[in-house]
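Structure first, commentary second.
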Amino acid sequence: MNAYLHIPFCASICSYCDFTSFAGRESQMAAYVDALCVEIRDSSLRGPLQTVYFGGGTPSLLAPERLGQVLGTLQKKAGFAEDVEISMEANPETVEGERLRAYRSLGINRLSFGAQAAQKEILRRLGRGHEWERVEKAFHDARKAGLDNLNLDLMFGLPGQTLEMFRESLEKAVGLSPEHLSLYALQVEEGTPLARQVAEGLALPSEDLIADEYAWAQGFLARRGFPQYEVSNFAREGKACRHNWNVWRGEDYWGFGVSAVGTVGSVRHSHGDDLMEYIRQVNARQDVLAEEYLTEDTRAWEKLMLGLRTQDGVEKAEADRFIQTAGRTRARFNRLLQEGFLSLNGGRYRVTSKGYFVLNGILEVLDA
Ligand code: SF4
């Protein structure tokens, strides 16, 4: 079993963000963490937990004592596997030596820093609260605190970002010797300040430039010892994020907190995204989960879709099951094989390097 905990607090809201997160709500952190612990205690979660993932939001805004409260509740409720991976997302400007040592002593053994880019002007336009120097400091402080499994998130396809700027960001990130790198293409989400800026004329990079950035990163990272193991993720040997990997492989995971989603067996559960309503409902011992039964068709499709995201790919037999249950034809797989977007080796379909850039298009073809 794996557990995801959503921590919906940020110091300020980035221009492109459409995650469930709130700024200026520090006064509700204690009540939220208390509610999270009640939800965990009242759930039917069963351990031992193989992985725990604090995502957000900015989980590193939480004082170590509050994270300790959540981890203590999980430990008591379900217990941890001996080699449990406990990951936390962190913004570089929110952590320093003492806090990082405290996190480490709580058992947190993997940090993921939202670095995004190395250029001040790009970070400012995104509404991020740090500069690259702060990333370096947080990274070195984390190492000193004994954290030996560190990720850096970077973004590409950003307004005003040239190929050279993206290269500089990635080179600087690799220069820090992290165990893991995640690269995300900017998505302009409806209703965000960025979407308004784009509507008012802010220029976005061309598709060609975005494709060049991604292809360059794939080659560069392969040469530097970070094989790609998922559409957005690259890691040193044995350093893939186990939490995400388990989810992509279709293992059960429990989601706790506002907007968190989980899947246990054939049931998907989800939460609403209203912070105060969540706290109120949990405290009133009302059910905060919406549940959906996943049909065999949906499960076959999700297995295929999640498998194709990763370098594990999907077994041909699994794809055959999807073709059968969903009434698709094999011709679509064959077409993608011929066009070089999929490969078929050792009885498994995999998306090729070239295919990763158009993964959504591939999935659309298979699901049409
Ligand atoms: S730090 Fe992350 S979650 Fe918070 S506002 Fe920025 S993008 Fe959203």
Side-chain angles (χ1 to χ4, degrees), residues 4-29 32-33 36 53-63 66-67 70 87-96 99-100 103 110-135 137-139 142 150-161 169 173 180-198 202 204 232-233 241 243-244 255-261 270-275 278:
Y4 173 85
L5 300 112
H6 193 74
I7 309 297
F9 303 103
C10 284
S12 57
I13 302 298
C14 303
S15 66
Y16 57 94
C17 181
D18 81 330
F19 300 119
T20 301
S21 191
F22 309 94
R25 306 280 278 269
E26 290 74 10
S27 60
Q28 282 142 13
M29 282 180 185
Y32 182 74
V33 169
L36 209 47
Y53 193 102
F54 289 97
T58 307
S60 56
L61 281 181
L62 285 190
R66 298 210 199 289
L67 287 161
V70 178
S87 289
M88 185 175 83
E89 293 175 357
N91 280 356
E93 70 278 19
T94 59
V95 291
E96 37 58 54
R99 182 171 278 234
L100 289 162
Y103 289 157
R110 182 175 186 277
L111 280 191
S112 177
F113 285 117
Q116 317 311 358
Q119 299 77 24
K120 205 185 286 187
E121 64 275 23
I122 299 271
L123 290 167
R124 197 176 308 129
R125 186 171 294 134
L126 293 176
R128 303 292 306 197
H130 67 272
E131 294 180 0
W132 183 260
E133 292 66 33
R134 200 67 193 78
V135 174
K137 179 161 185 334
F139 191 94
L150 299 177
N151 170 59
L152 293 170
D153 279 351
L154 291 180
M155 296 179 76
F156 61 105
L158 300 171
Q161 186 186 45
S169 300
H180 191 287
L181 285 153
S182 299
L183 305 183
Y184 297 108
L186 176 72
Q187 305 293 325
V188 180
E189 303 290 354
E190 224 177 288
T192 58
L194 180 69
R196 281 193 292 283
Q197 290 165 16
V198 170
L202 177 69
L204 294 171
S232 303
N233 288 291
C241 172
H243 178 83
N244 288 338
F256 293 103
V258 281
S259 78
V261 175
S270 57
H271 296 72
D273 58 9
D274 184 324
L275 178 64
Y278 170 79

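Numbering of ligands and ligand atoms starts at 1, following listing order.
Contact analysis puts G57 in contact with ligand 1, with a non-hydrogen atom separation below 4.0 angstrom. Under a 4.0 Å heavy-atom criterion, E89 is not in contact with ligand 1. For the pair A11 and ligand 1, no heavy-atom separation below 4.0 Å is found.
Close approach of ligand 1 to Y16 is summarised as follows: ligand atoms under 4.0 Å from at least one heavy atom of the residue are 7 (S). In the vicinity of N91, heavy-atom distances shorter than 4.0 Å reach the ligand 1 atoms 1 (S). Those atoms of ligand 1 that come under 4.0 Å of a heavy atom in C17, given as number and element, are 3 (S), 5 (S), 7 (S), 8 (Fe). Per-residue contacts place C10 under 4.0 angstrom from the following atoms of ligand 1 (heavy atoms of the residue considered): 1 (S), 3 (S), 4 (Fe), 5 (S).
A 4.5 Å side-chain heavy-atom check between E93 and E131 finds every atom pair outside the cut-off. Looking at heavy atoms from C-beta onward, V70 lies out of side-chain contact with F256 at the 4.5 angstrom threshold. At least one side-chain heavy atom of Y32 sits under 4.5 Å from a side-chain heavy atom of V258. The closest side-chain heavy-atom distance from E189 to Y16 is not below 4.5 Å.
For C14, every N, O or S atom stays at 2.8 Å or more from atom 4 (Fe) of ligand 1.
Note: F139 and F113 have tilted aromatic rings, judged against thresholds of 30 and 60 degrees for the angle between ring planes.
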- [ ] For ring-ring contact (aromatic ring centres under 6.0 Å, His included), just list the numbers for F156 and Y184, CA-CA rounded to whole Å, side-chain angles, deciding distance to a tenth of an Å, and then say yes or no.
- [x] CA-CA 6 Å; F156 61 105; Y184 297 108; 8.8 Å; no
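Of all protein heavy atoms, the one lying nearest to atom 2 (Fe) of ligand 1 is R128 NH1, 4.0 Å.
Only the backbone of S12 comes within 4.0 Å of ligand 1, counting heavy atoms alone; no side-chain atom from C-beta on gets that close.
Residues N91 and S60 bring no donor and acceptor atom of their side chains to less than 3.5 Å of each other.
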